[in-house]
Amino acid sequence: MQQYVRWYVELEPFYKIMLIGSVFLAMFALVTGMGTENPVFFLLGVGWLVVGPGAVWLLSRFEGD
């Protein structure tokens, strides 16, 4: 757990905003999908929850190169 916190702290501010934004968007889509029983919004939320942080992780790995 400590390595994930250290990774987040060492991120550039742009990547922190991208990460937090993608998680909030994913949670909004998940709640909307569950509330309206719409599977499209639910799957969109799951996709944002997986792809958003994954993209930030991948982009931050190549930041130093």
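Keep in mind the model is a prediction, meaning the values are calculated, not measured. Computed over heavy atoms, backbone and side chain alike; hydrogens, waters and symmetry mates excluded.
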**OP:** Look at the side-chain heavy atoms of Ile, Leu, Val, Met, Phe, Trp and Tyr, link any pair under 4.5 Å apart, and say whether L59 and I20 land in one connected group.
**Re:** yes
Subject >> Single-linkage hydrophobic cluster L49~V31, side-chain heavy atoms < 4.5 angstrom >> reply: no
Subject >> Heavy-atom closest pair, residues G45 and A26 >> reply: O-CB, 3.4 Å
Subject >> Joint hydrophobic cluster, F24 plus V51, side-chain heavy atoms closer than 4.5 Å >> reply: no
Subject >> Least distance between heavy atoms, P53 atom then V23 atom >> reply: CG-CG2, 4.3 Å
Subject >> CA sep, side-chain torsions, deciding dist, call: Y8, L19, side-chain contact (heavy atoms from CB on, under 4.5 Å) >> reply: CA-CA 9 Å; Y8 179 77; L19 181 65; 3.7 Å; yes
Subject >> Side chain to side chain, V56 and W7, heavy atoms closer than 4.5 Å >> reply: yes
Original post:
Are L58 and Y15 co-members of a hydrophobic cluster defined by side-chain heavy atoms under 4.5 Å apart?
Top reply: yes
**OP:** Provide the closest heavy-atom pair for F28 versus T32 in the form atom of the first, atom of the second, distance.
**Re:** O-OG1, 2.8 Å
Original post:
Closest approach of L11 and K16, non-hydrogen atoms and distance?
Top reply: O-CE, 3.5 Å
Original post:
Would you find more than 12 non-hydrogen atoms of other residues, nucleotides or ligands less than 6.0 Å from M27 atom CE?
Top reply: no
**OP:** May I ask you to check whether over 12 heavy atoms, not counting those of F42, lie within 6.0 Å of atom CZ?
**Re:** no
Original post:
Just how far is it from atom CH2 of W57 to atom OH of Y4, taken to the nearest 0.5 Å?
Top reply: 10.0 Å
Subject >> Same apolar cluster (I L V M F W Y, side chains within < 4.5 Å links), V50/L44 >> reply: no
